[in-house]
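Accompanying notes for the structure given below.
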Amino acid sequence: MPLWTEFEPAQAVNEFRAFAETYAKPAAAQLDRNDAYPSEVVEQAAKQGLNALIVPKEYGGGGCSFRRVVSFFEEIGVASASVGISLNSNFQAQNAILRSGNEKLKNEFLPKFSRGLTAAYALTEQNHGSDIRSLDTKAVLENDHWILSGQKSFITSGSGADLFIILAQTEKGLGVFAVPREIPGVSTFVGERSETFGGRNGPHVELKLENVRLPYEYLLGEPGGGLKVVLRNLNYSRTLNAAMVIGMARAAFDESLAYVKNRKAFGQSVFDFQGIQWYFAEMLTDIDAARLLLYSAADALEAQREPERYASEAKLFCCSVANRVTSQAIQVCGAYGTAVNSPFNRYWRDAKVAEIGGGSVEILKNTIGKYIGRMELG
């Protein structure tokens, strides 16, 4: 298994790109078409130490900086959104356990990620979308166990998850729990609105909890401290989301550029038309600007310097850029850009879904607005 901390940055990116091109990219179209969980690619990622890059070495992980993790997710985003979303779900679970779990929880679950453990983050409920401050799913303490009951909705990666990170209401407020799939009372099913037109890594499942008996130590953090755990973790996953969509934008840019340079119209290359070059000038400028903000956010999270501000800015701007670039890539490719069997419609659909999932534009603007409200002028 590669020792990822020993690679120079450029070498690490080259290795990440090679993995993405070898394993993720060839599977991308079929995963999207079938709305399938990328089990084989995730398994291969684990074999190469890529399913646990941020997990410390003492727990069998890569022990990498967050900037390095971001660079990996950017390369995965170029190849396959389905794979990226699945690996980000695993990252969210391991990061929550790493930063908020007790030692027993860390020792039990973190080493399993390097062996291919898969996970899903279960916050959403049918009556509670972005508003997660009060939930219908309940966790009641009975002696040294928690009893969880309720239903979580629209759970990304839930079809392939071995472990669920669940937010539930306790007597003292919100709590976050690690819930293995095999525990009695845990089940999933596909609901009426489970399939999305983009970000397709398996149908979003409904997660049912029927008197699930969970050891006390499977609580992350303190009873009533769940919102803090979730919001801190979202800063990281939103930044990885931003990395993936910039990868999508890069793929759309590169493939559309290759197409128009080889396409002839009115006796010349389509790229030679000034108006077409302007499209690409705007796309490249947008991508370059977004990547600067993305890696500034990665460094801010590493240093815990205004992480909510920079994570929200990165996802807001990178998703906006990805939506513009994927749309413009379709435009410059003309009829081919609209073809079902071209990759451009997939990039466009994935970029749009990413703009909503994991923190919508409106939620991100609210977060940035609260930061601005606290700023002292002059």
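- Heavy atoms of other residues, nucleotides or ligands lying less than 6.0 angstrom from CD of Q277 number more than 12.
- Ion pairing of E21 with R17 is absent here, as no side-chain N (NZ or NE/NH1/NH2) approaches a carboxylate O to less than 4.0 Å.
- Between the side chains of E355 and S360, no donor N or O sits under 3.5 Å from an acceptor N or O.
- One side chain, S100 or R232, offers a donor N or O that lies under 3.5 Å from an acceptor on the other.
- By the neighbour-count criterion of 12 heavy atoms within 6.0 Å, atom NZ of K106 is densely surrounded, having more than that number from other residues, nucleotides or ligands.
- Put simply, the side chain of K25 never gets that close to the backbone of V78: no donor and acceptor are under 3.5 Å apart.
- Within the 4.5 Å cutoff, side-chain heavy atoms of T188 are placed close to those of F164.
- A donor-acceptor contact closer than 3.5 angstrom links the side chains of Q151 and E206.
- Annotation for E8: atom CD does not count as buried by contact number, only 12 or fewer foreign heavy atoms lying within 6.0 Å.
- Transitive grouping of hydrophobic side chains (ILVMFWY, heavy atoms separated by less than 4.5 Å) keeps V321 and I356 in distinct clusters.
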Before you tell me yes or no, could you show the steps for D32 and R349 under salt bridge (Lys or Arg N to Asp or Glu O under 4.0 Å), namely the whole-Å CA-CA distance, both residues' side-chain angles and the distance that decides it to 0.1 Å? CA-CA 10 Å; D32 174 75; R349 290 184 284 108; 2.9 Å; yes
Would H204 and S194 count as a side chain to side chain donor-acceptor pair (under 3.5 Å) if you check the C-alpha gap in whole Å, the side-chain angles of each, and the deciding distance to 0.1 Å? CA-CA 5 Å; H204 301 272; S194 295; over 6 Å; no
For E74 and Y295, run side chain to side chain donor-acceptor pair (under 3.5 Å): C-alpha distance rounded to whole Å, both residues' side-chain angles, the deciding distance at 0.1 Å, then the answer. CA-CA 11 Å; E74 182 184 347; Y295 284 93; 2.7 Å; yes
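- At distances below 3.5 Å, not a single donor-acceptor pair connects side-chain atoms of Q30 with backbone N or O atoms of A36.
- Residues E282 and T285 fail the side-chain proximity criterion, which asks for heavy atoms closer than 4.5 Å.
- Under the 4.5 Å side-chain heavy-atom criterion for ILVMFWY residues, no single connected hydrophobic cluster contains both L231 and Y310.
- A side-chain donor from one of T5 and K57 sits under 3.5 Å from a side-chain acceptor of the other.
- Taking a 6.0 Å sphere around CD of E40, one finds it holds 12 or fewer heavy atoms contributed by other residues, nucleotides or ligands.
- Side-chain contact between F19 and Q44: present, with at least one pair of heavy atoms (C-beta onward) separated by less than 4.5 Å.
- Within 6.0 Å of atom CZ in R263, 12 or fewer heavy atoms from other residues, nucleotides or ligands are found, so the atom counts as exposed in its surroundings.
- In summary, the side chains of D162 and T118 do present a donor paired with an acceptor at a separation below 3.5 Å, with no hydrogens or angles considered.
- R346 approaches A29 most closely through the heavy-atom pair NE-CA, 4.1 Å.
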Take D136 and Q126 through the test side-chain contact (heavy atoms from CB on, under 4.5 Å) and record every step on the way to the result. CA-CA 9 Å; D136 297 327; Q126 186 173 356; over 6 Å; no
Would E306 and Y371 count as a side chain to side chain donor-acceptor pair (under 3.5 Å) here? Give the steps. CA-CA 9 Å; E306 302 175 328; Y371 169 82; 2.9 Å; yes
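- Residues W146 and Y218 keep their aromatic ring centres 6.0 Å or farther apart.
- Within the 4.5 Å cutoff, the side chain of R213 has heavy atoms near those of the E142 side chain.
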For K138 and E171, run salt bridge (Lys or Arg N to Asp or Glu O under 4.0 Å): C-alpha distance rounded to whole Å, both residues' side-chain angles, the deciding distance at 0.1 Å, then the answer. CA-CA 9 Å; K138 307 299 181 186; E171 185 180 26; over 6 Å; no
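- There is a path of hydrophobic side-chain contacts, each under 4.5 Å, that joins I287 to Y259.
- Side-chain contact between L174 and L135: present, with at least one pair of heavy atoms (C-beta onward) separated by less than 4.5 Å.
- The two residues A354 and K315 come nearest to each other via the heavy atoms O-NZ, 2.8 Å.
- In this structure, N345 and T338 have side chains that are not in contact, with every pair of non-hydrogen atoms separated by 4.5 Å or more.
- Across all their heavy atoms, L301 and A311 have their closest contact at CD1-CB, 4.1 Å.
- For E195, the side-chain hydrogen bond (donor to acceptor under 3.5 Å, both in side chains) partners are R200, not counting sequence neighbours.
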Give the intermediate values and the outcome of side-chain contact (heavy atoms from CB on, under 4.5 Å) for residues V205 and F189. CA-CA 6 Å; V205 301; F189 64 94; over 6 Å; no
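- Using cut-offs of 30° and 60° on the angle between ring planes, the pair F91 and Y236 is tilted.
- Counting non-hydrogen atoms of neighbouring residues, nucleotides and ligands closer than 6.0 angstrom, the OH atom of Y59 exceeds 12 such neighbours.
- Side chains of E255 and Y347: a donor-acceptor N/O pair is present below 3.5 angstrom, by distance only.
- Minimum heavy-atom separation, V229 to Y121: O-OH, 4.4 Å.
- Listed here is the closest heavy atom pair of L148 and A139: CD1-CB, 3.8 Å.
- At least one donor-acceptor pair closer than 3.5 Å links the side chain of N90 to the backbone N or O of A119.
- In this structure the side chain of L163 reaches within 4.5 angstrom of the side chain of I97, judged on heavy atoms.
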Apply side-chain contact (heavy atoms from CB on, under 4.5 Å) to the pair V212 and I147, showing each step before the final yes or no. CA-CA 5 Å; V212 175; I147 309 299; over 6 Å; no
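- Put simply, L292 and I368 are part of two different groups of oily side chains (I, L, V, M, F, W, Y) that touch within less than 4.5 Å, one to the next.
- If you run side chain to side chain donor-acceptor pair (under 3.5 Å) between N201 and each of S157, S80, S89, S159, only S157 comes through.
- Residues near W278 contribute nothing to a hydrophobic cluster around it, because no ILVMFWY side-chain heavy atom sits closer than 4.5 Å to its side chain.
- Across S71 and F16, no two heavy atoms sit closer than the pair OG-CE1, 3.4 Å.
- In this structure the side chain of K264 never reaches within 4.5 angstrom of the side chain of Q268, judged on heavy atoms.
- When hydrophobic clusters are built by joining Ile, Leu, Val, Met, Phe, Trp and Tyr residues whose side-chain heavy atoms come closer than 4.5 Å, directly or via intermediates, V41 is grouped together with V69.
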Working note: V83 + L87, criterion side-chain contact (heavy atoms from CB on, under 4.5 Å); need CA distance, chi angles, decisive distance, verdict. CA-CA 6 Å; V83 174; L87 292 173; 3.8 Å; yes
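- Not a single donor-acceptor pair under 3.5 Å links the side chain of R115 to the backbone N or O of G60.
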